[in-house]
Structures are given as C-alpha cells and as structure tokens.
Amino acid sequence: MPCFRCGARQTDPVRGASPWKRGVQADHQVLVCPGCQSADDWADDLDRCAMCGSAALVCRLGEVECRDCGHTRDAVRDDPGAAGLVHSGVQAPADGGLSAEVEAALSRVLRRGPAG
C-alpha cells in the first residue's frame, strides 16, 4: 500500500518499529510515509475519532477503532470506488493494481514473458 499523500511505496523494513504511520481516510486504512509526516498538516486529511478527536485510527474487519481511547464503530463505505483514494494527484491502485505490479516484477526477475 503506498503513502496516501505522495504515493511512495514501503521498502523492506529494518529491524524495529516501522517509521510509517497508519491512519484512516473515508473509512479505508491508509499509510503515511516518514517524509510526509514531516509536514505539520500531515494528519489533517485523516478521519478522527468521534469520542476523543484522535487521528490514531485503524480499520480492520469492517470496523474503525481508535488506538487512543478504544472507541469502535462500523466502517461505512458508501462509495465502492473509494479504494483508489486520491490525494495530491496520486491515486492508489484499485483492486488488482498491486497484484499486477507484483506479477510484472516477478516476470522481470524470473525473466518470463508477460503473463497473459
């Protein structure tokens, strides 16, 4: 999953905690890269907890949970096309986009012809 602000992809992690932050936007899990976290307004576009106002939310199994106060609510996803969220002109791949990228990378590494 790329950074929702700039589109950068995570690289292989080093040992220890990841410098990438998780958040929720439009009830979808998003990631924020360390570079974008350096901006003062990096969390402005993220959803907030209705109970405590925190942006420390995670979305899993159809629920959004606040990591600060523990408040949980159902994720509401009215727009089926919202999986390809757009911010700053960067579009996250829609369903299958990452799969196609991985398949193309494997084909290059294993020197196979294009899948088809």
(request) With rounding to the nearest 0.5 Å, note down the distance linking CD in Gln37 to SG in Cys3. (result) 8.0 Å
(request) Evaluate the criterion side-chain contact (heavy atoms from CB on, under 4.5 Å) for residue pair Trp42 and Lys21; output intermediate values, then yes/no. (result) CA-CA 10 Å; Trp42 73 270; Lys21 299 281 185 192; 4.0 Å; yes
(message) What's the separation between atom CG in Leu31 and atom OG in Ser18, rounded to the nearest 0.5 Å?
(response) 8.0 Å
(request) Evaluate the side-chain contact (heavy atoms from CB on, under 4.5 Å) criterion for residues Val30 and Leu46: first the C-alpha distance (whole Å), next the side-chain angles of each, then the deciding distance (0.1 Å), finally the verdict. (result) CA-CA 9 Å; Val30 295; Leu46 297 177; 3.7 Å; yes
(request) Would you name the heavy atoms of His71 and Cys49 that are closest together and state the gap between them? (result) CB-SG, 4.0 Å
(request) Search all heavy atoms of Pro2 against all heavy atoms of Arg9 and return the closest pair with its distance. (result) CD-NH1, 3.5 Å
Going by atom type alone, with no hydrogens or angles, which donor-acceptor pairs under 3.5 Å involve a side-chain atom of residues 59-66 and a protein atom two or more places apart or on another chain?
{"from": "Arg60", "atom 1": "NH2", "to": "Glu65", "atom 2": "OE1", "distance (Å)": "2.4"}

(request) List in chain and number order the residues that pass side-chain contact (heavy atoms from CB on, under 4.5 Å) with Ala39, two or more places apart in sequence or in another chain; answer none if no residue qualifies. (result) Arg5, Asp41
(message) Distance check, rounded to the nearest 0.5 Å: Met51 atom CE versus Thr72 atom OG1?
(response) 10.5 Å
(request) Decide whether Trp20 and Met1 are clustered together by the hydrophobic rule: side chain heavy atoms of Ile, Leu, Val, Met, Phe, Trp, Tyr closer than 4.5 Å, transitively. (result) yes
(message) Would you say that Asp27 contacts Arg73 through its side chain, given a criterion of any heavy-atom pair below 4.5 Å between the two side chains?
(response) yes
(request) Check side chain to side chain donor-acceptor pair (under 3.5 Å) between Arg67 and all other residues, then give those that pass, not counting sequence neighbours. (result) none
